[in-house]
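Here the structure is laid out as structure tokens; the discussion comes afterwards.
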Amino acid sequence: MGKITIAIDGYSSTGKSTIAKQLAKALGYVYVDTGAMYRAVTLFAMRNGFIAEQHKDVAALENSLKEIELDFHYNKELGFSEMYLNSENVEKEIRTLEVSQYVSSIAEIEAVRIKLVAMQQKMGKAKGIVMDGRDIGTVVFPDAELKIFMSASPEKRAYRRYKELLDKGEEVDYDEVLKNVLHRDAVDSNREFSPLRKAEDAIEFDNSDMGLEEQFERMYNFSLRIIAKQKDS
Ligand code: DC
């Protein structure tokens with residue numbers, strides 16, 4: 001009753017998934033991290049030798065796309081869904097800097113986008129969903145009732161990502177993370193198929209200097225207002 005679709009797009013490491021997860025939980029909605037899906041396809045491509053430094057075999061990946069099965073399984077203890085690639089839990093493997101380095105290059109392949117967008121549209125058919133990514137408000141759900149476009153300065157985003165990786169015990173260098181953030185911004189924004197851009201009707205949200213609690217409060221209030229309107233109409 002009165003369920004809506006919430007699309008959250010924006011640059012990498014703007015904290016989209018943290019907020020989207022909280023929002024989904026508070027509203028009793030399903031949360032879908034579409035970045036995880038592009039990361040899982042990237043991991044598949046790496047493992048099969050379709051992508052490496054100075055090497056990218058688009059045709060081979062396209063031919064193997066039908067072998068890729070992606071699922072989300074809800075983990076009760078963690079309170080969110082984990083990514084499965086051909087029945088294997090790859091939640092950890094898809095978050096490494098190595099996958100981050102190749103993912104933009106995989107996400108620009110049209111056939112990959114067509115496959116994943118179709119899956120995402122199917123997941124959101126019943127509404128009551130919070131989905132985050134790069135093209136959710138523009139391509140996946142252009143009719144979403146609430147669209148948010150998140151941004152923050154590259155330095156702030158790199159710092160957040162750097163801390164996240166350190167906390168996970170990865171050996172990382174801040175400058176390398178910043179380079180990766182800037183590189184992904186450039187590829188994501190300039191690719192030919194569904195580049196990252198703000199949907200005209202999206203609310204822009206710069207969280208460079210905003211704490212998590214304030215962000216959540218604001219988004220939760222936006223959502224409640226729109227849900228209430230749905231019920232009235
Ligand atoms: O949100 P993330 O950093 O996990 O996303 C990983 C990459 O996947 C990112 O560089 C861009 C790409 N992506 C995309 O092209 N479209 C989406 N809907 C989600 C992610």
Side-chain angles (χ1 to χ4, degrees), residues 5-21 31-46 51 56 61 68 70 72 80-83 85 90-124 129-142 144 147-152 154 156-165 168 170 172 177-199 202 205 207:
T5 301
I6 302 177
I8 303 185
D9 288 303
Y11 294 98
S12 64
S13 302
T14 38
K16 295 185 298 289
S17 63
T18 308
I19 286 296
K21 255 181 231 165
Y31 163 63
V32 176
D33 170 4
T34 62
M37 299 168 75
Y38 287 94
R39 286 172 180 273
V41 174
T42 303
L43 183 67
F44 176 90
M46 283 162 57
I51 189 145
K56 180 170 158 187
L61 176 60
I68 302 180
L70 302 177
F72 285 103
F80 64 88
S81 295
E82 294 181 297
M83 185 80 250
L85 165 64
V90 290
E91 192 56 39
K92 260 208 198 98
E93 288 81 351
I94 60 170
R95 309 286 169 193
T96 60
L97 195 52
E98 206 192 348
V99 169
S100 300
Q101 266 151 2
Y102 294 124
V103 64
S104 290
S105 172
I106 294 295
E108 68 183 1
I109 301 171
E110 191 182 19
V112 170
R113 303 206 69 84
I114 290 174
K115 177 180 167 104
L116 298 195
V117 167
M119 287 177 69
Q120 291 152 9
Q121 288 173 333
K122 214 165 140 196
M123 290 177 198
I129 194 162
V130 182
M131 194 174 274
D132 77 16
R134 304 292 189 286
D135 58 343
I136 312 305
T138 50
V139 176
V140 182
F141 298 125
K147 297 181 187 177
I148 290 165
F149 189 83
M150 289 178 72
S151 62
K156 279 260 157 96
R157 291 187 282 127
Y159 184 67
R160 287 176 192 160
R161 184 95 191 103
Y162 168 72
K163 267 191 57 192
E164 220 175 81
L165 290 166
K168 278 193 209 150
E170 277 206 44
V172 277
V177 177
L178 178 61
K179 227 168 75 188
N180 176 250
V181 163
L182 291 172
H183 171 72
R184 279 208 280 158
D185 284 0
V187 180
D188 293 347
S189 308
N190 296 311
R191 69 174 170 231
E192 192 181 350
F193 308 110
S194 39
L196 169 65
R197 63 176 178 82
K198 178 185 161 302
F205 211 86
N207 65 10

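FYI, the numbering just counts along the sequence from 1. Please read all numbers here as calculations on a predicted model, not as lab measurements. Every heavy atom of this structure was used, including side-chain atoms; hydrogens, water molecules and symmetry mates were not. Atoms within a ligand are numbered from 1 in the order they appear, just like the ligands themselves.
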Distance, nearest 0.5 Å, that separates CZ of Arg113 from CD of Glu192: 12.0 Å
Check: Arg39/Ser100 side-chain N/O donor and acceptor closer than 3.5 Å: yes
side-chain contact (heavy atoms from CB on, under 4.5 Å) involving Val139 - partner list, sequence neighbours excluded: Val117, Asp135, Ser194
Ligand 1 atoms in contact with Val103 (distance to a heavy atom under 4.0 Å): 6 (C), 7 (C), 8 (O), 10 (O)
Test of proximity, Asp188 against ligand 1: N or O pairs below 3.5 Å: yes
Ligand 1 contacted by Glu108 (non-hydrogen, < 4.0 Å): no
Closest approach of any protein heavy atom to atom 2 (P) of ligand 1, naming residue and atom: Arg134 NH2, 3.6 Å
Heavy-atom gap Arg191 to ligand 1 smaller than 4.0 Å: yes
Ring-face cation contact, Phe80 with Lys21, 6.0 Å cut, 45° max: yes
Donor + acceptor pair across side chains of Tyr11, Asp188 (<3.5 Å): no
Heteroatom distance test (Ser104, ligand 1): nitrogen or oxygen, under 3.5 angstrom: yes
Part of Arg39 within contact of ligand 1 (heavy atoms, under 4.0 Å): side chain
Protein heavy atom at shortest distance from atom 19 (C) of ligand 1: Thr34 OG1, 3.3 Å
Atom indices of ligand 1 within 4.0 angstrom of Gly133 heavy atoms, with elements: 17 (C), 18 (N), 19 (C)
Polar proximity ligand 1 side, Ser12 side, N/O cut 3.5 Å exclusive: no
Atom 18 (N) of ligand 1 [closest protein heavy-atom partner, distance rounded to 0.1 Å]: Asp135 OD1, 2.8 Å
Nearest-neighbour protein heavy atom for atom 3 (O) of ligand 1, which is reported as residue plus atom name and distance: Arg184 NH1, 2.8 Å
Geometric N/O contact Arg113 with ligand 1, under 3.5 angstrom: yes
Leu70 and Leu85, any side-chain heavy atoms less than 4.5 Å apart: yes
Donor-acceptor contact below 3.5 Å, side chain Lys147 vs main chain Pro142: yes
Atom pair CD (Gln120) and OG1 (Thr34), whose distance is rounded to the nearest 0.5 Å: 5.0 Å
Top protein contact for atom 12 (C) of ligand 1, by heavy-atom distance: Ala107 CB, 3.8 Å
Note, Ser12 side chain near Arg134 side chain (heavy atom, < 4.5 Å): yes
